[in-house]
Amino acid sequence: MAVLSYFRDSLSWEDTITVTFLSGGTGTPKLLQGARLALNDKDISVIVNTAEDLWYQGGHISPDIDTVMYLFAGILNTKTWWGIEGDTFVTHEQFRSLGVDTYLAVGDRDRAVELLRGELLKGGKTLSHATKELCSRLSVQASVLPMTDREYTTMIETYDGTIHFQEYWVRHRGSVAIRKVLRVPDTRPDACIGALEAMEKSDLIIIGPSNPITSISPILECNGVIDLLKQKPVVAVSPFIGDKPVSGPARDLMVALGFEPTSAGVYAAYADFVDLFVQDIRDPVQVPGAIRCDTLMTNPEIAKGIMDLILAHMPI
């Protein structure tokens, strides 16, 4: 891992740098808050995990895409990091009163987006086209891109059967023992053309502090992604402090796949293509060559501090 300092010239980063992020639904969107303070939205592309997508109550839920899209639209509920701020749940409560299994609580405005996406997909549009259409209607200036236009889903094999990742994490709160993490189908999909084009055009690619197993790995498994990562400057931010992730079920999932559940394990998973690794100042685990800062992004200014550090050490 070579770390080379990049010193700013008389031009601002806003004028000179285009950045592509690989993102899941919580850790990386927090970092994107800081990116928006350091860069223009139009210079940011986000390739988003879609392996947690599912059809639900007539709509198509793409939870990680929606979190990123709502963030750039200025309507994201940043208390939960999903859904729309101030949303109501009248339809959800009516489903419950009718005895419908509603383990996912979908807000009314959020549901409208999911229903429209479903209509676009049923009408023959790809997920890329549907995402572009929704971003346009929400006045999103950044490029929000699904990792693939093909269905490619994370399933969790438990000792009682195989369930969708959303059931594992939302219905069961991550409390069931994991036997295996599966992708369905088991053939790797092609990355969507827009995602590959964004990577090719970017000056820098940042793998955000999202779950390495269920958020980032599905993106890496898309044909063409790793080949491009090996050709570009790549920075990865660890989601771990010690043996605990900042949020989510990353620890149990990494153990299930045989990775050490620490920053060292995250770096090992990305080592073939990462030039710069960022970990928290409190992390007792040592990753040689890593740079450190506060990665507990409790506000956008801390997230901007991470971005400033990355840009100051930009590997070139």
Side-chain angles (χ1 to χ4, degrees), residues 22-30 48-67 77 79-83 89 92-93 95-96 98-107 110-111 114 147-148 151-189 208-221 238-266 268-269 285:
L22 307 191
S23 179
T26 302
T28 307
K30 289 181 179 179
V48 189
N49 168 49
T50 59
E52 298 174 23
D53 290 15
L54 76 165
W55 289 90
Y56 184 75
Q57 296 176 345
H60 186 273
I61 297 180
S62 193
D64 293 354
I65 283 180
D66 287 345
T67 292
N77 182 344
K79 295 182 178 66
T80 59
W81 289 95
W82 57 266
F89 291 83
H92 171 71
E93 293 301 330
F95 270 124
R96 290 184 63 186
L98 294 170
V100 177
D101 181 5
T102 56
Y103 74 92
L104 288 171
V106 180
D110 195 10
R111 191 182 297 272
E114 293 165 6
M147 66 184 195
T148 181
E151 288 191 11
Y152 188 63
T153 305
T154 297
M155 306 292 288
I156 304 297
E157 183 180 315
T158 75
Y159 289 91
D160 295 318
T162 301
I163 57 177
H164 192 283
F165 175 77
Q166 293 293 346
E167 289 196 63
Y168 163 78
W169 183 234
V170 180
R171 187 194 295 276
H172 298 288
R173 307 295 181 186
S175 63
V176 295
I178 302 170
R179 291 189 65 184
K180 290 181 181 178
V181 179
L182 308 171
R183 307 276 195 243
V184 178
D186 60 3
T187 54
R188 296 188 174 202
S210 295
N211 189 312
I213 304 304
T214 57
S215 294
I216 302 301
S217 287
I219 304 174
L220 301 179
E221 290 162 14
S238 176
F240 275 83
I241 300 176
D243 63 353
K244 294 181 176 59
V246 173
S247 64
R251 186 185 192 285
D252 291 343
L253 291 161
M254 289 189 71
V255 170
L257 266 69
F259 288 99
E260 177 185 322
T262 65
S263 291
V266 175
V285 176

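When a residue number appears, it is its place in the shown sequence, counting from 1. Keep in mind that what you see is a predicted model, and the values were worked out from it rather than measured.
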Checklist entry - Is there a donor in the side chain of Ser215 and an acceptor in the side chain of Ser210, or the other way round, less than 3.5 Å apart? => result no
Item to check | Residues which pass side-chain contact (heavy atoms from CB on, under 4.5 Å) with Thr102, listed by chain and number, not counting sequence neighbours | outcome: Tyr56, Gln57, His92, Phe95, Arg96, Val100
Checklist outcome for this item: One should read off an interatomic distance between His164 NE2 and Leu54 CG, to the nearest 0.5 angstrom, of 4.5 Å
Item to check | Counterpart residues, side-chain contact (heavy atoms from CB on, under 4.5 Å), relative to Pro218 (two or more places apart) | outcome: Asn49, Ala51, Met147, Thr154, Arg183
Checklist entry - Which pair of heavy atoms, one from Gln166 and one from Tyr103, lies closest together, and at what distance? => result O-CE1, 3.8 Å
Item to check | Nearest non-hydrogen partners of Ile216 and Leu22, listed with the distance | outcome: CD1-O, 3.6 Å
Checklist entry - What's the spacing between Thr214 OG1 and Trp169 CH2 if we round to 0.5 Å? => result 9.5 Å
Item to check | Rounded distance (nearest 0.5 Å) linking atom CD1 of Ile61 with atom CG of Asp66 | outcome: 8.5 Å
N/O donor to acceptor pairs below 3.5 angstrom from side-chain atoms of residues 250-261, sequence neighbours left out:
from: Arg251; atom 1: NE; to: Asp243; atom 2: O; distance (Å): 3.2
from: Glu260; atom 1: OE2; to: Thr262; atom 2: OG1; distance (Å): 2.6

Item to check | Test item: Val285 and Phe240 side chains (from C-beta on) under 4.5 Å apart, heavy atoms | outcome: no
Checklist entry - What are the two closest heavy atoms between Tyr152 and Pro185, and how far apart are they? => result CE1-O, 3.3 Å
Checklist entry - Under a 4.5 Å cut-off applied to non-hydrogen side-chain atoms, are Thr148 and Thr50 in contact? => result yes
Checklist entry - Quick one: ring pair (Phe, Tyr, Trp, His ring centres under 6.0 Å) partners of Phe89, sequence neighbours excluded? => result none
Checklist outcome for this item: To the nearest 0.5 Å, atom CG of Asn211 lies from atom CG of Asp64 at 10.0 Å
Checklist entry - What's the spacing between Arg111 CZ and Leu104 CG if we round to 0.5 Å? => result 9.5 Å
Item to check | Nearest-0.5 Å distance that lies between atom CG in Asp53 and atom CD in Glu151 | outcome: 8.5 Å
Next on the checklist: The criterion is side-chain contact (heavy atoms from CB on, under 4.5 Å); which residues satisfy it with Thr158, sequence neighbours excluded?
Outcome noted: Ile156, Asp160, Ile163, Val176
Next on the checklist: So which atom in Trp82 and which in Ala105 form the shortest heavy-atom distance, rounded to 0.1 Å?
Outcome noted: CZ3-O, 3.5 Å
Next on the checklist: Please check: side-chain N/O of Ser217 versus main-chain N/O of Pro212, any donor-acceptor pairing under 3.5 Å?
Outcome noted: yes
Checklist outcome for this item: side-chain contact (heavy atoms from CB on, under 4.5 Å) filter on Ala268, not counting sequence neighbours, yields none
Next on the checklist: Does Glu93, at its CD atom, have more than 12 non-hydrogen atoms belonging to other residues, nucleotides or ligands within less than 6.0 Å?
Outcome noted: yes
